[in-house]
> 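Below is a structure I'd like to ask you about.
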Amino acid sequence: MEIRGIRLKKHKISKLAKGFFVLRKSENYVVPLSVGVSEQSERVVSVGDKVNEGTLLAKPKGKYGNFVYSPCCGSVVGIVRKLNINGIICDHVIIKQENREDKSYLPTMDASEFSAEKLLKRLYESGMVDNFPPYEVTYKKYLLNSSIKQLIINCTETDPYEYATSAIVQTYTSEMFEGALLFKTLCNAENIIFVFTNKQAKTIKLFKEYLKKRGLKNKVKIKIYPHIYPLSYSRLLAYYQTGKMVKENSRTAEIKVIVEGAINCYDFFHAVYNGKPAIERAVTISGNNCLRKANYFVKNGTPINHIMEVVGFNSNSYENMLIFGGIMTGVAQETPSASITLAANSLLLCDSSEFGLEKESECINCGKCVQHCPVRIHVKNVDDAFTERDFMQAKKLGVSTCLNCGVCSFVCPAKRKLAQKVQYMKNFTENRRAKNPDSSDYLLVEGEDTTMQQDFDTILDVKGGYENVKETNEQSAALEVIESLKEKKPDSIISEGGDKNE
Ligand code: SF4
Ligand code: SF4
């Protein structure tokens, strides 16, 4: 079957990028009560409440809401309503962190409880959210009307800046694999298959060695695809595996397939065996302006300005440098005071050489946008329909099937903003007009905002230029954290990993 998309080079990642680091604790956490496309959850804490790591902050409201848990020990000091990092207005709970280690996790489960029903309940109450499109609550995929033939464990990575999935598979192979088996029990799938790309040689090798040690060599199916972006999108993987394409907003379960992320498998393992709810994510922090490109475990609600201070950044060129998500589809952030959500997969501190700021020019009818679109939308014609604001025509051209992968914009020699226009037409035809990010949407609901609305200049004043950054206390502190982790928690740092040149 033809694999659609484009080949992209991996972004260079420094030697320090190998494995996972744990970020130094932030003074405050600002936890959004709506993640990805989920509805806002109903807050169950108020200003003044003491919380532990894992204390419930909010419960589901509406059909597909989710449980939200405290990422740290501390006190609730304020509630603000503002844009989350995905551009959705929602309430955020501000927690002033306290140096305690108290945990209020869910009860642990043992093997006798591993029925589909009980595992679904655990998935629901864990608050897990997919960190891949369409960024929905994870349990939604498992509300099934029919049987499942294939459970696809997505270990691929085709965005040039993302490394966290490979690092999870390499470092926490056992947890990832066991988590995948829990998902298999949950959906009662006939088959389970682990998919990779041919640029993940080291990850595949380590995974195969693990299977061999367990006596599972040749008993677990592995499929290796060409390294073509955006192969890792669930709908595309399901298509490549079955030859059937599900419509946007439809679930792959309709063609008896579920696609689950390797990082979700790791998180589900801990939700089941350790009762750990969704409070953190494996995230790649990278980009030319990032001084310590690496994979980190980042707690939900961690302010980006805290991350920037810990990882260090080159402040010489800061315009448009902050991108949440991959380089192809990420959302540019106006302010570093936004906080990380559970839908995170990467945070990029980019310089202007890393993405096109060129002005649009006239279309030269080269046809590349159509040729490379993985779902074969006639993008050039959608561009014309956008100019005319002809929404009926855009609908006829199939904008509803757009994956928002960004390939059309990337390949266009005229630098036309094609993906944005297709998304605009799609949102309009589906009555899902995106909100215009506007700082006036900020509202203090309760208590005080101890996080301070910070802009880039504020941080620049603190940090100075590139050379100074390397010598700041923050940078030394980051190194200290890394050193101390090496001593105390060898499992949280690996000596090798990442997939620089797999
Ligand atoms: S039209 Fe949509 S699916 Fe096609 S290349 Fe552009 S962003 Fe990707
Ligand atoms: S890729 Fe750009 S220049 Fe080529 S046909 Fe499409 S819109 Fe026109």
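Order of listing sets the numbers, starting from 1, for every ligand and every atom in it.
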> At what distance is the nearest protein heavy atom to atom 3 (S) of ligand 2, and which residue and atom is it?
Ile364 N, 3.4 Å

> For the residue pair Arg389 and Phe391, would you count it as a cation-pi contact if the rule is NZ or CZ under 6.0 angstrom from the ring centre and within 45 degrees of the ring axis?
no

> What residue and heavy atom of the protein are closest to atom 5 (S) of ligand 2, and at what distance?
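Nearest neighbour among protein heavy atoms for atom 5 (S) of ligand 2, to 0.1 Å: Gly367 N, 3.2 Å.
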
> Would you kindly specify which portion of Asn365 sits under 4.0 Å from ligand 2, judged on non-hydrogen atoms: side chain, backbone, both or neither?
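For Asn365, the contact with ligand 2 is made by the backbone alone.
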
> Which protein non-hydrogen atom lies closest to atom 2 (Fe) of ligand 1, naming both residue and atom, and how far is it?
Cys402 SG, 2.3 Å

> For the ring pair Tyr124 and Phe67, is the centre-to-centre distance below 6.0 Å?
yes

> Near atom 8 (Fe) of ligand 2, is there an N/O/S atom from Cys412 that is less than 2.8 Å away?
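Looking at Cys412, which is the residue asked about, there is no N, O or S atom under 2.8 Å from atom 8 (Fe) of ligand 2.
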
> With a 4.0 Å cut-off on N to O distance, would you call Glu136 and Lys141 a salt bridge?
no

> Starting from atom 8 (Fe) of ligand 1, locate the nearest protein heavy atom and write down its residue, its atom name and how far away it is, to 0.1 Å.
Cys405 SG, 2.3 Å

> How about Gln170 and Tyr163: does a side-chain donor come under 3.5 Å of a side-chain acceptor?
no

> Let me see the working for Tyr225 and Gln241 under side chain to side chain contact (heavy atoms under 4.5 Å, CB included), right down to the final yes or no.
CA-CA 10 Å; Tyr225 282 100; Gln241 282 294 116; 2.5 Å; yes

> What do you reckon, does Val375 put a non-hydrogen atom under 4.0 Å from ligand 1?
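It does, in that a heavy atom of Val375 comes within the 4.0 Å cut-off of ligand 1.
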
> Quick one: which of Phe183, Phe269, Tyr210 gives a ring pair (Phe, Tyr, Trp, His ring centres under 6.0 Å) with Phe177?
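That would be Tyr210; it is the only one of Phe183, Phe269, Tyr210 passing the ring pair (Phe, Tyr, Trp, His ring centres under 6.0 Å) with Phe177.
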
> Counting heavy atoms only, which of Cys373, Pro374, Gly5, Cys369 comes nearest to atom 4 (Fe) of ligand 1?
Cys373

> Using the ring centroid of each side chain, check whether Phe207 and Phe196 are separated by less than 6.0 Å.
yes

> Please could you name the atoms of ligand 2 that Cys363 approaches to less than 4.0 Å, counting only its heavy atoms?
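In order of numbering, the contacting atoms are 3 (S), 5 (S), 7 (S), 8 (Fe).
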
> Which of the listed options, Cys408, Gly406, Ser409, holds the heavy atom that is closest to atom 6 (Fe) of ligand 1?
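Checking each option, the heavy atom nearest atom 6 (Fe) of ligand 1 is found in Cys408.
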
